[in-house]
Structures are given as C-alpha cells and as structure tokens.
Number of protein chains: 2
Amino acid sequence: MDVDTRLVRSFLAVAEEGSLTRAAERLYVSQPALTKQIRSLETQLGVRLFTRSRAGMALTEAGQALRERAPGLLAACDQVLRETKSAARVAARVLRVGFLASAANEATQDIVAAFGRLRPGWRVEMLQAAWSDPSAGLADGEVDAALLRLPFPGQETLRHEVLLEEPRWVALPSSHPLAARAEIAFADLWDEPFVAAPQETGEWRDYWLAADERDGRPPRVGATTDQPDAWLQAIANGYGVALAPASSARYYARPGVTYRPVTGVSPTRVGIAWPPAADTDPVVQDFVRCCRDTCASM
Amino acid sequence: MDVDTRLVRSFLAVAEEGSLTRAAERLYVSQPALTKQIRSLETQLGVRLFTRSRAGMALTEAGQALRERAPGLLAACDQVLRETKSAARVAARVLRVGFLASAANEATQDIVAAFGRLRPGWRVEMLQAAWSDPSAGLADGEVDAALLRLPFPGQETLRHEVLLEEPRWVALPSSHPLAARAEIAFADLWDEPFVAAPQETGEWRDYWLAADERDGRPPRVGATTDQPDAWLQAIANGYGVALAPASSARYYARPGVTYRPVTGVSPTRVGIAWPPAADTDPVVQDFVRCCRDTCASM
DNA sequence: CCACATCCATTCCATCAGGTTATCGATACA
DNA sequence: TGTATCGATAACCTGATGGAATGGATGTGG
C-alpha cells in the first residue's frame, strides 16, 4: 500500500488533460514513460483508473474517486514537507526571504541590517526567484516572506504590504531610435516588440507588458526571458524593449541597454508578502516591521 | 517536492525505534539499505532529520516536526487508496467480505445466497484471512464487512453484531491419551502444549488459549500457526492441542486429528463486523441483514 | 587493559525500475 | 486513401536500490 506521490501527480495530470500525450509534455516526460507510470499506479492499486480509447483517457469510477481526493492529499503532503523544512529553519534561526530581481533593490541591505539588529542570532537567507515565479517562492511555501513587485499572481491568498512606489521606465537597445529621446510616451512603444516574462506568469506578464494601457492593442512579444541576465541580453540584442522599474537603470546598467523615463504608464509598487499562516509568527512579523520602517524612512 | 511514502514509513520506523538496526529488522531490510533510505529522505527534503550517535538515532527539530505529522499523512494516504479501490468495487457491484477460517462455516453459503436474492447483479467476494489478522481485513480496510469470531482486536473501533454461538471443543492428536474420552474437562488441558495463533494477535491469541480460564496458570505454546492447514498439521504432528469451534469437527476433519467436547470453557461467538463508515452504505447493511436473518432461522 | 558488543557508515556488486527513442496498430478526418 | 493522433510496445541505457561484508567509534565487562 505504498505509492510514490509522483505517480499520483502524473495521474492527476493525465486526468486533467484527458490524454497521455498532452500530459506527458506538460510533465516533461516522454509519452511511453507516462504510459508506464499510469499502468504502474493501476497495478499497485489493483484498479483500473482509466478507460483507454483513441479519443484519449477517460476516468473510471475509481479514477474519479482518486481524482477527487488526490489534490487534497498532495496538498497535505506538501504541507507536511514544508512544515518540516520550516522547523529546521526555525531551529537554525534562519529566516528565508524570497525576492524578485529588482524588487527592493537598495532597500534590501538596509532591511536585512535592521532585522539583524532586531533579532540578533538570526540569519536572513535571501533567495532570488526567477520571473517565472513572481511570488518569489511564497506560493509554494519555499520562503517565509518575499519582497516582490505588485501585483502578482496569487496575491489574494497572501498577505502583503506596499513598501515603495517608483515609476516604470523603459529599457531599450542603445541603438534604438527612441533611445535618443530623453523621455518616451508609452504610446510610441505600442508597436515595439517586447521582451516579456514567461507565458505562465499570466497577470504578471500582462502587467509588465502594460497590456491594460495599450488602448486594446495587443502587445508584440519579441522574446521571453526568465532571468535578469537573459533579459538584458535580449534587449541588448535588439529582440525588443521592456518596461522596468526606474531603479533598474542603476541596478542593471549594461552596455547596449539604455533606460528612459516613460509617460503614460502607471508606476510600479514594491511589497513585502507573507503567508496567512505567518500572521502570528513573531520573527516574520519583525521582518515585516523592518521592511516597513526602513522603507518609510527613505 | 516528491517523496515516496515508503521513505516516510521507514523514517517513522527509525524514529520509533530510535535505532537504524532495530528499525531495519522491523522493516525486513538490511541496515545499510535503511541508512540509505533515511539519507535519501534527508537529501530530498534538504533537512537533517536525525542526529547520529553511537547511542542511536535522535530526532532533530525537523525530525520531530515530521514525526508528528507523518502518521496522519500516511493514514490519509491509505484512506484515499482504499476509497479508490472501494469505488472500483462499487462500480463493479462487488461486495468484499472477509472471513476467518471457521467463522460462519455452514451459514456462509446461505448468507451469500440470500444476499444474491436481495441484491441481484451484485457479487460477493469472500476473502479468507489468516489468523494473524483476526479482523479479517477490516482493520486495514481491505474488505467492506467481515465474518469473524468475537472477541477480536480492534473490536471497539468497528461495528459488530453477534450471529451465532457455539461451544468450544478441543482438537487433539488422535494418538493423544485424552482422545479416548468422550468429553474433556478444560482443567485437564492446562498443562498440555497448545497450538496458538501468532503472538501479534494479542487478545485473540489469549482467547483461544483460554488464558482467562486457566486459573492463572500460564499456557504452554507448542507451535504457532497462521493457516488452517498448518494448524491441522501441527496438531496431527503432536505439537500440541487447540481449542476450536465445535463446527470445526465437521469442517476441518482430518486423519490424525480428533475433536472432543470440552467443559469449563466459555462458548465462542460468530459475528458480522463492518466499519462505522459503512453504517449508511445500503449494500453493506443489506448484507448485514442477510447475515442476521439467515443465522436467526437456523 | 583488552576483547567484545553495539552502534552507524562505507564499499562493492547485482539487480531492477525508470527513462528515452523508435515503431506499431487503430481510428478519425480530410 | 493518405495523414494526423492516440496509446501500446520493444529495445536499450542509466541510475537507484538492496544485500553482504567490512570498517570505525564507543561504551562494557572480565
């Protein structure tokens, strides 16, 4: 009666996609491997979970039963594992803070220093997240708190506080004609290709494409990147332009990339976020206070 | 974030035993294999779960956290898997009934036949359980209901109804001097070696050794068996005698084994048991009714 | 003080589970 | 009737896993 949770996750993927082939690509494994996984799960349970057909994979009654219960089970699993890791960090007096490249920028060091004074003996572990995870590890419980840019997907299920606000500028190839101007109207960028965040970030990607401020015109995407360096590279290569916090001009200066103020787009806000479960965690709350105080005095 | 539940079970065993070596024998694996499993779990979690020493394995804070949460998690896992299997049986219109060798004996066929009339289209799958599991698969949810002998371990957490009562007889080697008597007083058997159920059945084993009716004298155990055939074999071989339901004389007659009535021991009762969750399951309740009605009219 | 017992860790080796690529058979569709 | 798509299968390769034997550290008893 022992089952690897991975098999259950695979099962769920197949159940959701209704197709081995599609589930296989979603899971980044080959289709035959998934075939074997599913059959292995069925064998271990001694139960048929799907009825196969040319049209795809349809759930049997047993499959439906499992499909209803599996998500909760997996969530419980993840929860337990996270709590275990969390216990280790508490024991080691380590606070894990995720941050998005260019989130708090200059404030970050001051915040950490302030926390160090407030909680001597504790260490802050800063984990930079890729842009493919705009919640900076909070969504999957990898961190105790996160410095990030608002808005971000999953925002509703987490607590957050706004720390800073700054205008959005544009980063463009130095050779770009518009780079000659001291300031650029966003409307002039509507038809430019943009370097964007990965598709799966949804709301976040749209926000940095300023999809709402284009008067309904669809954005053009010239490249997709996940990391600051790839992002700078793509811009320098001329694959596109991108909106960025004004502070990026100081933090991510690079030959071939020019930053210019933009009019006609809303500013961006930096926030500190934490899971509801940490509302009563004195250490996390101390960190939040450090963020608030440090940023208020800037 | 994917962990095989077997690793968690291994972890729990080590945590409970406080020792790799002892846990390894309990799990029937070699000690190095367990060492690797535990290390693998620690690696996957990125957390130390034990502090090693010559004295054994002591839990770290993270280990304690996991130790508290793991049992519930594993129980939830098992529960989901059982419900999945159960859904398959319902879909196939199969009712699984565990039974203990010599439980309902002649009544069994009548019960199944009655159920077949009450629920046409349904099939009853009878699963014989070994004596090492006196709950006949109910305890681990393998069956929907079970015909068994009362009392049985775990009785409190399950529903049950008494169906029949019959005297306990003794089965002894035909060559045994007492086999010449028509009836035997239990006190005459106090010093005989007994063929007993496995140690781990606790209460059940004691009941069939009639430990309570020996006037405080400890029973002698000449052999331990798990299955009717081994049991008969052991008796025929002269390893010991054993108490048995009177009906065994009809159902388990065998050359070399003689059954005789015994005075001075309480009778044995046959019951039908089901999990509380099945209180509202109409099919299970129909089966219970068939048991009740069939046995009442005998 | 020296075997000895008792821990856990390590090494080496055999086996097997799990992955991948290539291919097949069946079926719907143009 | 080609063609695309779906799942199943075959052949192969690698890495994980388990077992036996052994090692190192540390109390324990004669």
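Hydrogens, waters and symmetry mates are skipped; everything else that's a heavy atom, side chains included, is used. So you know, we letter chains A, B, ... as the sequences are listed, proteins then strands, and number each from 1. This is a predicted model, so every value here is computed, not measured.
- Distances shown here put every side-chain N or O of B:Arg52 at or beyond 4.0 Å from the OP1 or OP2 atom of D:dG24.
- With sequence neighbours excluded, the residues forming a side-chain hydrogen bond (donor to acceptor under 3.5 Å, both in side chains) with A:Ser40 are A:Gln44, listed by chain and number.
- Protein chain B contacts DNA chain C over a range whose 5' and 3' limits, counting nucleotides with an atom under 4.0 angstrom from a non-hydrogen atom, are C:dC7 to C:dC12.
- Remark: B:Phe11 pairs with B:Phe50 by the ring pair (Phe, Tyr, Trp, His ring centres under 6.0 Å) rule, at least two apart or across chains.
- Rounded to 10 degrees, the angle between the two end axes of the helix from C:dC1-D:dG30 to C:dA30-D:dT1 is 10°, with five pairs used at each end.
- B:Ala236 is linked by a side-chain contact (heavy atoms from CB on, under 4.5 Å) to B:Val257, counting only residues two or more places apart in sequence or in another chain.
- Rounded to whole angstrom, the span from the CG atom of B:Asp4 across to the C1' atom of D:dA16 amounts to 12 Å.
- For the contact set between residues 14-31 of chain A and DNA chain C, defined by any heavy atom under 4.0 Å, the members are A:Val29, A:Ser30.
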Got a list of side-chain donor-acceptor pairs under 3.5 Å for residues 86-97 of chain B, not counting sequence neighbours?
residue : atom : partner  : partner atom : Å
B:Arg89 : NH2  : B:Asp144 : OD1          : 3.2
B:Arg96 : NE   : B:Glu142 : O            : 3.2

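- For residues 55-71 of chain B, the set of pairs meeting the side-chain hydrogen bond (donor to acceptor under 3.5 Å, both in side chains) definition, not counting sequence neighbours, comprises A:Glu83-B:Arg69.
- Residues A:Gln37 and B:Met57 both approach DNA chain C. Their nearest nucleotides, taken by heavy-atom distance, put B:Met57 toward the 5′ side.
- With sequence neighbours left out, A:Val195 forms a side-chain contact (heavy atoms from CB on, under 4.5 Å) with A:Ala223, A:Thr225, A:Trp231, A:Ala234, A:Ile235, A:Ala242.
- The pair A:Arg52-A:Glu42 meets the salt-bridge criterion, with a side-chain N (NZ, NE, NH1 or NH2) lying under 4.0 Å from an Asp/Glu carboxylate O.
- Within the structure, salt bridge (charged side-chain N to carboxylate O under 4.0 Å, His left out) pairs that include any residue of residues 218-235 of chain B comprise B:Asp229-B:Arg254 (at least two apart or interchain).
- Taking B:Phe287 as the reference, B:Phe115 meet the ring pair (Phe, Tyr, Trp, His ring centres under 6.0 Å) condition, with sequence neighbours excluded.
- Mapping A:Lys36 and B:Pro32 onto DNA chain C via the closest heavy atom, the residue that lands nearer the 5' end is B:Pro32.
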Side-chain donor/acceptor pairs under 3.5 Å, residues 32-39 of chain A, sequence neighbours excluded:
residue : atom : partner : partner atom : Å
A:Thr35 : OG1  : A:Gln31 : O            : 3.1
A:Thr35 : OG1  : A:Gln31 : NE2          : 3.1
A:Gln37 : OE1  : A:Ser10 : OG           : 2.4

